[in-house]
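A quick write-up on the structure given underneath.
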Amino acid sequence: MTNYKNPWWKNSVIYQIYPRSFQDSNGDGIGDIRGIINRLDYLEDLGIDAVWLSPVCKSPQDDNGYDISDYQDIDPMFGTLADMEELIRRAGERGIRIIMDLVLNHTSDEHPWFLEAKKSRDNPYHDYYVWRDGTEGELPNDLRACFGGPAWQWVPELGQYYFHQFSVKQPDLNWENPRVRREIYDMILWWMDRGIGGFRLDVIDQIAKEPDLGITNNGPRLHEFIRELSRETFQKGDLITVGEAWGATPELARRYSNPDGSEFSMVFQFEHIGLDQQEGGSKWDLAPLPFQKLKDVLDKWQTELWGCGWNSLFWDNHDLPRIVSRWGDDGQYRVESAKMLAILLHGMQGTPYIYQGEELGMTNVRYEIGGYKDIETLNLYKERRELGYAHEEIMKSIYARSRDNARTPMQWDDSPQAGFTEGTPWLKVNPNYPEINAAGQMKDPQSIYSCYKQLVRLRKEHPVFVDGRFELLARESGQIFAYTRDDGKQRLLVVCNFSGEPADSGLAEEWKSMELLLGNYPDSQGDRLRPYEARMYLQKCRQQERV
Ligand code: GLC
Ligand code: CA
């Protein structure tokens, strides 16, 4: 049973793997479970506690596995159920738990439930999905799908529309139906029996939709559903659970991550992630990052969840561009800025997530439009062309925001295809792999990889990383992001220059009496911070010193 006061995931670091792009083991150009097993040494060396795997279940791959046609089998592209069980076991032998991605808002339109559901209105599975009567061409309402186009798809045989918040091949499940919920719980329990260490819950705040009222996320029954889900499944084990909740506020997150364990361990909130886009626009409408706002938002989340909830800490995932290209500098200061971003994030309270390749400072890519594979990117391109946007303008958005930035193959070494595959990779390898790769960085104590490795270790060595209270410093500075964490016994000071120009932090007096834990330059001398310089200091035994 879960120990709610001191759960294992509070001093853990999670590593996210996008299986398709991690390691291919059979030369078909697609990463697979065997490939992950072959790379367990790497994961163990980095020191992480658990791996979150993006979906590996059976799927037609319309949305790279986020369209599941069998929750209880593995897609042959990734391997077999036996491979998955072997991965769970062999990772477990090294103290690494496997977290599965649960896609519960929708299934594939090729899932047997949906194939049944669309046979007739009185089919027992019909009510597993969300249907509305209508006539062709006259949509129930004007709700749009997240990947473009209307959220309604006409099925002539039934004279009905089904609701889909994502692609037409991802029909939404009807959570109002208790049978749907029961099937889902049984499926989750089945995975728990196989030794799964936790779950990441895809777009969980969209399950309780009320399409007639135009409500897609944070529907009225959302927390009722989640509490039932948690009670019927997760609470029977000692799991980490993290919900993806684009619409979360600190207030909602306190419910989701209530320390009584009634919902999840934590959620992914995205308030900081949406800061560098135009107001009223979408993620494709670029704007510079408002640095003060970034500080305010992260400060708010750190402060408002303290003692009554739990944060997840992340910059990157498989849906987001590479952070070093986004808020760092992927040119001259790539190494320094990637480490600065890591130090800044990993000093905060919460459970940090490292997305594959982030620990190497992997960067965004710029391909011809024909080089992109992501359904969202391709739909966006088509839609904006039809709206009259210029090719160059759309490409600018795609370079900055396409999900494929994060999905290029993992850069293992400087051999052909970066050591990812012996065949042709499903998505082109970033051409900078001879310079940026794991093999090179693992032997270099000054590398980005080594910095991440130290951060993972520090979190385990010093309780202040887990419990210390956050306080933002230098609030008005346009360059410095600095804060302390204090648990009454230890005090941690993190000072980062978030700019490409030297900066005064005004904190030099403070750190003089402290011990340097980590910096991102080979030496951490001087009162001024160099471009993107970051330092982490620790003060121990304050109470004794005061006496
Ligand atoms: C989540 C996933 C994303 C997927 C979508 C639909 O946002 O992270 O990759 O496309 O849900 O399942
Ligand atoms: Ca393969």
Side-chain angles (χ1 to χ4, degrees), residues 16-39 52-57 59-69 71 74-80 83 99-109 111 145-148 151 164-173 199-207 209 216-217 242-248 267-270 273-274 283 312 314 316-321 353 355 373-380 401-407 409-410 417 419-427:
Q16 185 191 352
I17 287 183
Y18 196 65
R20 204 175 237 283
S21 304
F22 192 63
Q23 177 68 65
D24 178 22
S25 71
N26 61 354
D28 67 356
I30 301 170
D32 42 52
I33 294 174
R34 181 69 36 202
I36 301 172
I37 295 173
N38 294 344
R39 291 294 185 182
W52 151 28
L53 287 188
S54 279
V56 287
C57 290
S59 159
Q61 304 289 326
D62 182 56
D63 184 21
N64 289 2
Y66 284 92
D67 48 318
I68 291 175
S69 57
Y71 288 104
I74 300 299
D75 197 279
M77 167 196 294
F78 294 124
T80 62
D83 291 337
I99 300 171
M100 273 186 83
D101 214 318
L102 278 179
V103 187
L104 305 180
N105 177 66
H106 46 267
T107 68
S108 162
D109 65 342
H111 192 291
C146 295
F147 296 158
H164 62 92
Q165 299 190 64
F166 294 88
S167 93
V168 280
K169 287 186 66 61
Q170 294 168 298
D172 269 57
L173 282 166
F199 296 99
R200 177 263 188 188
L201 294 109
D202 191 63
V203 292
I204 199 67
D205 64 352
Q206 295 178 220
I207 59 172
K209 49 253 163 186
T216 51
N217 67 5
V242 50
E244 183 196 24
W246 283 81
V267 284
F268 291 126
Q269 63 83 14
F270 293 86
I273 291 301
K283 74 174 195 181
S312 64
F314 71 99
D316 276 353
N317 67 33
H318 64 292
D319 295 328
L320 303 175
Y353 291 76
Y355 177 70
K373 296 286 159 68
D374 172 31
I375 181 170
E376 185 194 44
T377 305
L378 298 174
N379 286 355
L380 178 273
R401 292 296 153 80
S402 170
R403 304 195 296 181
D404 281 342
N405 282 309
R407 300 177 181 185
M410 179 72 175
Q417 312 300 355
F420 164 68
T421 180
E422 289 179 355
T424 308
W426 72 276
L427 177 67

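Start at 1 with the first residue, then count along the sequence. In listed order, ligands and their atoms are each counted from 1.
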Subject >> Salt bridge Asp172-Lys209, side-chain N to carboxylate O under 4.0 Å >> reply: yes
Original post:
Can you tell me if Gln165 has a non-hydrogen atom under 4.0 Å from ligand 1?
Top reply: no
**OP:** Indicate yes or no: does Glu376 engage Lys283 in a salt bridge with an N to O separation below 4.0 Å.
**Re:** yes
Original post:
With a 4.0 Å cut-off on heavy atoms, does Arg200 reach ligand 1?
Top reply: yes
**OP:** Number the atoms of ligand 1 from 1 as they appear, then name those within less than 4.0 Å of a heavy atom of Phe147, with their elements.
**Re:** 10 (O)
Original post:
For atom 8 (O) of ligand 1, which protein heavy atom lies nearest, and how many Å away is it?
Top reply: Asp319 OD2, 2.5 Å
Original post:
When you look at Leu201 and Leu104, which way does the side-chain contact (heavy atoms from CB on, under 4.5 Å) test go after all the steps?
Top reply: CA-CA 7 Å; Leu201 294 109; Leu104 305 180; 3.9 Å; yes
**OP:** For the pair Asp75 and Arg20, find out whether any cationic side-chain nitrogen is under 4.0 Å from an anionic carboxylate oxygen.
**Re:** no
**OP:** Start with the C-alpha distance between Asp374 and Arg403, add both sets of side-chain angles, then the distance that settles salt bridge (charged side-chain N to carboxylate O under 4.0 Å, His left out), and finish with yes or no.
**Re:** CA-CA 7 Å; Asp374 172 31; Arg403 304 195 296 181; 2.9 Å; yes
**OP:** Using modelled atom types only, decide if a donor and an acceptor are shared between the side chain of Ser59 and the backbone of Asp67 within a distance under 3.5 Å.
**Re:** yes
Original post:
So, is His106 polar-close to ligand 1, with some N/O to N/O distance under 3.5 Å?
Top reply: yes
Subject >> Ligand-side contact atoms (ligand 1) for residue partner Arg403, heavy atom cut-off under 4.0 Å >> reply: 3 (C), 4 (C), 9 (O), 10 (O)
Original post:
Do the two ring centres, one from Tyr66 and one from His318, sit under 6.0 Å apart?
Top reply: yes
Subject >> Polar contact flag, side-chain donor to acceptor under 3.5 angstrom, Gln170-Asp63 >> reply: yes
Original post:
Considering only the protein, which heavy-atom contact is closest to atom 4 (C) of ligand 1, and what is its distance?
Top reply: Asp63 OD2, 3.3 Å
**OP:** Report the distance from atom CG of Asp316 to atom CD1 of Ile273, rounding to the nearest 0.5 Å.
**Re:** 8.0 Å
Original post:
If you count the atoms of ligand 1 from 1 in the order shown, which ones are under 4.0 Å from a heavy atom of Val203?
Top reply: 1 (C), 7 (O), 11 (O)
Original post:
Centroid-to-centroid, Phe270 to Phe314, below 6.0 Å?
Top reply: yes
**OP:** Could you tell me the residue and atom name of the protein heavy atom closest to atom 7 (O) of ligand 1, and the distance to it rounded to 0.1 Å?
**Re:** Glu244 OE2, 2.9 Å
**OP:** Look at ligand 1 and say whether Glu376 reaches it with a heavy atom at a distance under 4.0 Å.
**Re:** no
**OP:** Kindly state whether the ring of Trp52 and the ring of Phe268 have centres lying under 6.0 angstrom apart.
**Re:** yes
**OP:** Give a yes or no on whether the backbone of Val267 and the side-chain of Ser312 come within a donor-acceptor separation of less than 3.5 Å.
**Re:** yes
Original post:
With a cut-off of 3.0 Å, how many protein N, O or S atoms neighbour the Ca ion (ligand 2)?
Top reply: 5
**OP:** Could you find the nearest protein heavy atom to atom 2 (C) of ligand 1 and give me its residue, atom name and distance?
**Re:** Asp202 OD1, 3.0 Å
Subject >> Under-4.0 Å heavy-atom contact with ligand 1, by part of Phe270 that carries it >> reply: neither
